[in-house]
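The structure presented is a predicted model; accordingly, all values stated were derived computationally and were not measured. This chain uses plain numbering: 1 for the first residue, then up along the sequence.
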Amino acid sequence: MAVNTDHDLVHRVLARQPGAFERLISRHQGLVWNLVYRMVRQPEDARELCQDVFLRVHDCLHQYRFESSLATWIRQIAFSVAARHLQKKRLPLVSASDEDGEGSVFDQIGDGFDLEAACMDGELMQHLAEAIDKLPPLQRTLVTLFHLDEMPIAEIGKVTGLPEGTVKNYLFRARHRLCQQLETTLGVLA
């Protein structure tokens, strides 16, 4: 049903029906804010970038082909805008250690770390949130999309423009880094 509503909403926006674009914004502003803020971590920059995202959505909506969900298409734009912002500020999207090519070892996502179980404990959740915030922007974004937004890896690949194997690789490395930080902070997961 959401697809039909998105389809209808897109056509209403393209027909310049009053209030249609505002409905589109209100429906998707949360996902745009979460993605952009997780990447840039500066509220003022995030607000400005969210406006840029919706300006691009408005300007490019005629190019949307309904090949993916509207939310995925908007996330692609948000990711692109935030990544470009980080590049302009010369902030790395990934850490240098993530650039070395240890690909095939990390293609397996099942590393035994249960993020959901870690979230059950309030204190551990606080430490986990702090550890996630310390991740490089790309890893932080991928962890958020996969574990918190429960987005499938294939859809994350569409949003970020990364191959599925690369998404798995970065998720593995991010979870490994989170485990190390939690071990250091709490002496758990040993």
Side-chain angles (χ1 to χ4, degrees), residues 29-50 53 71-72 75-76 78-190:
Q29 67 186 356
L31 71 87
V32 170
W33 172 261
N34 288 332
L35 183 80
V36 170
Y37 183 74
R38 274 284 179 190
M39 289 183 72
V40 301
R41 295 192 317 191
Q42 299 294 325
E44 302 81 24
D45 290 347
R47 277 190 282 279
E48 184 177 321
L49 292 172
C50 285
V53 168
T72 297
R75 277 188 181 104
Q76 288 174 321
F79 182 84
S80 173
V81 167
R84 195 169 313 112
H85 171 78
L86 291 173
Q87 289 169 343
K88 284 180 184 176
K89 291 205 170 221
R90 299 187 188 277
L91 297 171
L93 198 54
V94 296
S95 68
S97 65
D98 291 334
E99 296 282 313
D100 59 14
E102 296 181 32
S104 63
V105 175
F106 296 105
D107 281 343
Q108 298 302 316
I109 202 106
D111 56 8
F113 179 61
D114 188 354
L115 187 65
E116 185 177 342
C119 292
M120 297 301 209
D121 178 355
E123 179 184 353
L124 184 56
M125 184 59 188
Q126 177 61 37
H127 290 292
L128 182 60
E130 291 168 2
I132 290 172
D133 282 343
K134 292 178 185 175
L135 291 172
L138 181 60
Q139 287 183 355
R140 189 172 52 243
T141 302
L142 296 178
V143 165
T144 300
L145 292 174
F146 185 75
H147 289 288
L148 303 179
D149 294 346
E150 298 180 349
M151 185 181 291
I153 289 183
E155 190 172 345
I156 294 171
K158 287 179 184 176
V159 168
T160 61
L162 297 171
E164 288 182 33
T166 303
V167 171
K168 290 177 183 179
N169 180 330
Y170 283 135
L171 280 170
F172 179 90
R173 290 170 185 247
R175 289 198 305 242
H176 181 72
R177 192 174 280 174
L178 289 172
C179 285
Q180 287 178 328
Q181 288 179 23
L182 290 174
E183 280 179 356
T184 302
T185 304
L186 302 171
V188 297
L189 307 173

Undergrad: Locate the shortest heavy-atom distance separating C50 from V36; write the atom from each residue and the value.
TA: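 Shortest heavy-atom separation between C50 and V36 comes out as SG-CB, 4.2 Å.
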
Undergrad: If you compare all heavy atoms of L138 against all heavy atoms of Y170, which two are closest, and at what distance to 0.1 Å?
TA: CD2-CE1, 3.5 Å

Undergrad: Closest heavy-atom contact between V167 and I153?
TA: CG1-CG2, 4.0 Å

Undergrad: With rounding to the nearest 0.5 Å, note down the distance linking NZ in K89 to CZ in R84.
TA: 15.0 Å

Undergrad: Find out whether R75 and M151 are in side-chain contact, i.e. whether some heavy atom of one side chain is under 4.5 Å from a heavy atom of the other.
TA: yes

Undergrad: What's the shortest heavy-atom distance between M39 and A83, and which atoms?
TA: CE-N, 3.9 Å

Undergrad: Who passes side-chain contact (heavy atoms from CB on, under 4.5 Å) against A131, sequence neighbours left out?
TA: L178, Q181

Undergrad: Mind checking what makes side-chain contact (heavy atoms from CB on, under 4.5 Å) contact with A174, not counting sequence neighbours?
TA: L135, Q139, V143

Undergrad: For T144 and R140, which I'm curious about, is there any donor-acceptor pair between the side chains at under 3.5 Å?
TA: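 On atom types as modelled, these side chains do not qualify, holding no pair under 3.5 Å.
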
Undergrad: Within a strict 4.5 Å, meaning less than it, do heavy atoms of the N169 and R173 side chains meet?
TA: yes

Undergrad: As an exercise, state the distance from CG of L86 to NZ of K88, rounded to the nearest 0.5 Å.
TA: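 L86 atom CG to K88 atom NZ measures 11.5 Å (nearest 0.5 Å).
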
Undergrad: Find out whether R38 and P137 are in side-chain contact, i.e. whether some heavy atom of one side chain is under 4.5 Å from a heavy atom of the other.
TA: no

Undergrad: Quick one: closest heavy-atom pair of A78 and V53, and the distance?
TA: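 Shortest heavy-atom separation between A78 and V53 comes out as CA-CG2, 3.6 Å.
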
Undergrad: Is any side-chain heavy atom of F146 closer than 4.5 Å to a side-chain heavy atom of E155?
TA: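 No - every pair of side-chain heavy atoms lies 4.5 Å or more apart.
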
Undergrad: Look only at the side chain of T160 and the backbone of I156, and say whether a donor-acceptor pair between them is shorter than 3.5 Å.
TA: yes

Undergrad: Determine yes or no for a side-chain-to-main-chain donor-acceptor pair under 3.5 angstrom, with N34 supplying the side chain and G30 the backbone.
TA: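 Yes; at least one donor-acceptor contact below 3.5 Å.
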
Undergrad: Under the rule for side-chain contact (heavy atoms from CB on, under 4.5 Å), what residues qualify as partners of Q180, not counting sequence neighbours?
TA: H176

Undergrad: Is T141 close to V159 at the side-chain level, that is, under 4.5 Å between some pair of heavy atoms?
TA: no

Undergrad: Is the shortest heavy-atom distance from the side chain of D45 to the side chain of Y37 under 4.5 Å?
TA: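 Answer no - side chains too far apart.
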
Undergrad: Can any side-chain N or O of Q76 pair as donor or acceptor with the backbone N or O of K158 at less than 3.5 Å?
TA: yes

